[in-house]
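Note that the structure is a prediction, hence the values are computed from the model and not measured. Residue numbers begin at 1 in each chain, while the letters A, B, ... track the order of the sequences.
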Amino acid sequence: MTEKNIPETSEEKKSLNFIEQIVEEDLKTGKHKEIITRFPPEPNGYLHIGHAKSIILNFGLGEKYKGKTNLRFDDTNPVKEDVEYVDSILEDVQWLGYKWHGDVHYASDYFEQLYEWAVKLIKSGFAYVDDQSGEEISATRGTPTKPGIESPFRNRSVEENTDLFERMRKGEFKDGEKVLRAKIDMSSPNMHMRDPVMYRIKHAEHHRTGNKWCIYPMYDFTHGQSDYIEGITHSICTLEFENHRPLYDWFLDRIYEEGKTRPRQIEFARLNLSYTVMSKRKLAELVEKKYVSGWDDPRMPTISGLRRRGYTPEALKIFAEKVGVAKRENIIDVGLLEFSIREHLNKIAQRVMTILNPLKVTITNYPEEREEFLSAVNNPEDESMGSRQVPFSRTLYIEKDDFKEEAGRKFFRLKLGGEVRLRYAYFIKCNEVIKDANGNITELLCTYDPLSKGGKSPDGRKVKGTLHWVSAKHSVDVNVRLYDRLFSDESPDGHKDKDFTEFINSDSLTILENCKAEPYIKNAKPGDRFQFERLGYFCVDKDSTGNKLIFNRTVSLRDSWKIK
RNA sequence: UGACCCAUGGUGUAAUGGUAACACAGAUGGUUUUGGUCCAUCCGUUCUAGGUUCGAGUCCUGGUGGGUCAGCCA
């Protein structure tokens, strides 16, 4: 072979994001032989596309560098968490196509170890029990520009602290009566270092540990240690934890044993999407106030909503790849998400003809009883998907939008006296328009050209328009739900003076109940995806019943022709 | 009047001291039995002022703008 030996740059090495650079450096220098990352959600709500970015980042790193990725629930606050959420999170991660390493982990599995480390800190003078109330602690913390004031309980003896902490665990005190605090620096310029609370008392039932504990560790005293226990090498989180990193390291410094893997916290910018909101609280409000039907409403940016909408895991991965990973605040154009799903569905979706708003067409020169089957391509992007036979007869439906009595040259569709092609079928010409008493068009009388079978004109004459159609008597009635963006503003929660609900798009859902599909779709099952030719990508909703299919429009086709 | 972080087309991400690149969006044209796909072209004085250097988007200093932090949430 005389293949030209193109220099290795032809490998077109894709540039690495800053986290991949860190990982490669750590692997190269031998700091780590293998990387271990983790996805650590708190089970207090449903996952959204921002979490998907994090999942894809963490698991993607594990795959790319032949390492491992753990799934760990950060369940240190029993009053907010529930198994309902752990179940949905498990489902979402698996749906995205990822397998976590080993068993699912829970921070609550480490409560005993965490307790021991807390005792160790007490014994070495780095932690103390504070009797101050929450208000007092808050009032003495100072402000970003003013140092805090040390607690009067700050210098209790090790013995007293040890005893008090033990009694906290035993349940001798009520909620809020005491906390365990790290003894660091009340005048630190970093607020998180001003004697942060390590443990608080909560007499509450935990979804996993039940009533075994009544003291629960705070995030800051849990996360880094959990990473450490699991041998995590790169602990990736979002930007708002940047200021926590010194504390993350401070705790680690005090428990770290030589020779063990020491995790490193790395922060990246969370994902924001235009025309939607991402915060758990706001999404919950949309559900509670019935602006949407639930967490998996197809308009929601939740993973379950996107799944129901018809998104594929591949599309979300394409999206994540295009969005990239950096430290800059961002608002991603929702158009990029739409591009990603079109890109994937274009390659894999079965084509089918469906009429959303039917207009009856009678082919007057086509024999009454005759019917024939015409060959239609299943997917022009994938020859292996073959073709199917589509029934044709004298009475058809076309799209209402595809007819205008009179229209300009830019209108390529059917007009009175004009000719178009019915896809895979014949050329037809419209001769007469039938209207009801109100002047609404109810039917078109057309004639077809028998020589144009298959859509080719033997005499070489051209038509500009090709319409999709359905044979009336063979058609299947289906319902269709069309979705628009949930908010009319690009950044609904970006206005200081206005509540995000003020920007809710009241028109975000359109239900069509009289749609006509070609018989091919008859056996479709919930989750099945199709391209309705010229209209967009649709998937079968779980609300479908045996005799009525319901389709969600995932996304429309790109449309470079604008109806004015 | 603190600490930490960030600043490159409309949007997002690259360029690792050496010709500012890619994608999305938009515009225009071509192909087309989906007004889809595909193809082509167009769309930026790298926030600012100094400095270092043969050479700065990149390094240094100041400024400006934005973000995060005052939960016994994560």
Point to revise | Over 12 non-hydrogen atoms of neighbours within 6.0 angstrom of NZ in A:Lys64 | key: yes
Review point. For A:Thr76 and B:A74, is the shortest distance between a side-chain N/O and OP1 or OP2 below 4.0 Å?
Key: yes
Point to revise | Between P of B:U32 and CD of A:Glu381, the distance in whole Å | key: 16 Å
Point to revise | Any A:Ser560 side-chain nitrogen or oxygen under 4.0 Å from OP1 or OP2 of B:G36 | key: yes
Practice item. May I have the distance from A:Asn272 (atom CG) to B:U68 (atom C1'), rounded to whole angstrom? Key: 14 Å
Exercise for review: Write down the distance between CD (A:Glu338) and P (B:A25), rounded to a whole number of angstrom.
Suggested key: 10 Å
Point to revise | Syn or anti conformation of B:G29, syn meaning chi within 90° of 0 | key: anti
Practice item. On RNA chain B, check which nucleotide each of A:Glu177 and A:Phe532 is closest to and give me the residue with the more 5' one. Key: A:Phe532
Practice item. Tell me, please, which residues at least two apart from A:Tyr110 pass ring pair (Phe, Tyr, Trp, His ring centres under 6.0 Å). Key: none
Check your understanding: Cation over ring, A:Lys178 on A:Phe173, under 6.0 Å and within 45°?
Key -> yes
Check your understanding: B:A25 base stacked by A:Phe339? Criteria: ring centres under 5.5 Å, plane angle under 30°.
Key -> no
Check your understanding: Is there aromatic stacking of A:Trp561 against B:G35, centre distance under 5.5 Å, plane angle under 30°?
Key -> yes
Review point. For A:Met353, which contact category applies under a 4.0 Å heavy-atom criterion: base, sugar-phosphate, or nothing?
Key: nothing
Review point. Say you pick atom P in B:U61 and the same atom in B:C4; how far apart are they, in whole Å?
Key: 12 Å
**Study point:** Nearest-Å distance for atom pair CG/C1', residues A:Asp493 and B:G67
**Key:** 14 Å
Review point. Of the nucleotides B:G36, B:G35, B:A15, which one has an atom closest to the side chain of A:Arg351?
Key: B:G36
Check your understanding: Of all the nucleotides listed (B:U34, B:G71, B:C73), which has the minimum atom distance to the side chain of A:Arg200?
Key -> B:C73
Exercise for review: Take atom C1' in B:G18 and the same atom in B:A25, then report the distance between them in whole Å.
Suggested key: 32 Å
Exercise for review: Answer with yes or no whether the side chains of A:His223 and A:Arg38 bring together a donor and an acceptor at under 3.5 Å.
Suggested key: yes
Exercise for review: Give the nucleotide from the list B:C72, B:G12, B:A15 with an atom nearest to the side chain of A:Val179.
Suggested key: B:C72
Study note, to complete from the structure: pair_partner(B:G50), Watson-Crick or wobble, both distances < 3.5 Å, evaluates to B:C60
Point to revise | A:Arg141, nearest nucleotide to its side chain (from B:A70, B:G35, B:A3) | key: B:A70
Review point. Nearest of B:G36, B:G71, B:C24 to any side-chain atom of A:Asn346?
Key: B:G36
Study note, to complete from the structure: Checking N1-N3 plus N6-O4 or O6-N4 for Watson-Crick, or N1-O2 and O6-N3 for wobble, each under 3.5 Å, the partner of B:C22 is B:G12
Review point. In whole angstroms, how far is the C1' atom of B:G36 from the CG atom of A:Asn379?
Key: 11 Å
Review point. Hey, are the side chains of A:Val86 and A:Arg208 touching, using non-hydrogen atoms and a 4.5 Å cut-off?
Key: no
**Study point:** Distance in angstrom units between A:Glu267 CD and B:U68 P, rounded
**Key:** 15 Å
**Study point:** Nucleotide forming a Watson-Crick or wobble pair with B:A3, both distances under 3.5 Å
**Key:** B:U68
